[in-house]
Amino acid sequence: MPQTKEEKREYDKQRYHKNKEKLLQQSREYNNKNKEKRKQYDKVYRKTEAGKKSHRISDWKRCGILCFNYSLLYDIFLKTNNCEYCNCELYGIGNNKKCLDHDHNINDKFNVRGVLCNICNIKDVLK
């Protein structure tokens with residue numbers, strides 16, 4: 001049996017790759033059997049701080065935002081109160097909604113340019 005965290009991580013990784021199909025099938029079966037339970041859990045989880053953070057970071061990744069430390073980027077995003085271009089105050093809705101601007105042409109390294117208001121993000125002012 002593994003003794004250290006690194007050994008355990010390596011053991012789990014090898015076990016997963018060896019039994020990948022079986023584990024995926026078990027996961028699918030559990031999720032199908034417990035759809036309502038999962039749905040209710042997800043609904044509650046999304047309202048927690050950890051759930052909001054996880055959902056936001058997943059959205060960023062889906063949109064192609066690349067970063068070395070998403071947790072740090074999330075903290076910076078939350079603490080930014082003014083647009084980094086026009087300096088307007090940022091709210092949660094409308095034209096003053098916070099947007100994380102990134103360069104769509106960079107897809108292999110850090111591509112975040114700044115936290116902007118929705119108007120500046122649409123204009124792509126940091127190009």
Rounding to 0.5 Å, atoms CG (Leu90) and SG (Cys83) come to a distance of 6.0 Å
Electrostatic pair Arg46:Asp42 at N-O distance under 4.0 angstrom:
no
Would His55 and Asp59 satisfy side-chain contact (heavy atoms from CB on, under 4.5 Å), going step by step from the backbone distance to the final call? CA-CA 6 Å; His55 184 67; Asp59 283 349; 3.5 Å; yes
Taken to the nearest 0.5 Å, the spacing of Asn96 CG from Cys120 SG works out to 9.5 Å
Value for CD (Glu36) from NZ (Lys39), rounded to nearest 0.5 Å, stands at 5.0 Å
When the ring planes of Tyr45 and Tyr41 are compared, do they come out parallel, tilted or perpendicular, using 30° and 60° as the limits? parallel
**Prompt:** So, does Asn34 use its side chain to make a donor-acceptor pair with the main chain of Tyr30 at under 3.5 Å?
**Reply:** yes
| task | Please test Cys117 against Cys86 for side-chain contact (heavy atoms from CB on, under 4.5 Å), starting from the C-alpha separation and ending with a verdict. | result | CA-CA 8 Å; Cys117 66; Cys86 71; 3.9 Å; yes
### Query
Between the side chain of Ser54 and the main-chain N/O of Ala50, is any donor-acceptor distance below 3.5 Å?
no
Salt bridge Lys79-Asp75, side-chain N to carboxylate O under 4.0 Å = no
Rounded to the nearest 0.5 angstrom, the CG-CD1 distance for Leu73 and Ile65 is 7.5 Å
Distance col, row Leu100:CG vs Leu116:CG, nearest 0.5 angstrom, shows 8.5 Å
Look at the side chain of Thr80 and the backbone N and O of Ile76, then say whether any donor-acceptor pair between them is shorter than 3.5 Å. yes
The test is side-chain contact (heavy atoms from CB on, under 4.5 Å); show your working for Arg28 and Gln25 and say whether it passes.
CA-CA 5 Å; Arg28 279 188 216 107; Gln25 183 61 34; 3.2 Å; yes
Next on the checklist: Treating Glu10 as the side-chain partner and Glu6 as the backbone partner, does any N or O pair qualify as donor plus acceptor under 3.5 Å?
Outcome noted: no
Practice prompt. Apply side-chain contact (heavy atoms from CB on, under 4.5 Å) to the pair Arg38 and Asn31, showing each step before the final yes or no.
Written response: CA-CA 7 Å; Arg38 290 287 309 159; Asn31 287 334; 3.7 Å; yes
Point to revise | Ring-face cation of Lys98 near Phe77 (centre distance under 6.0 Å, axis angle within 45°) | key: yes
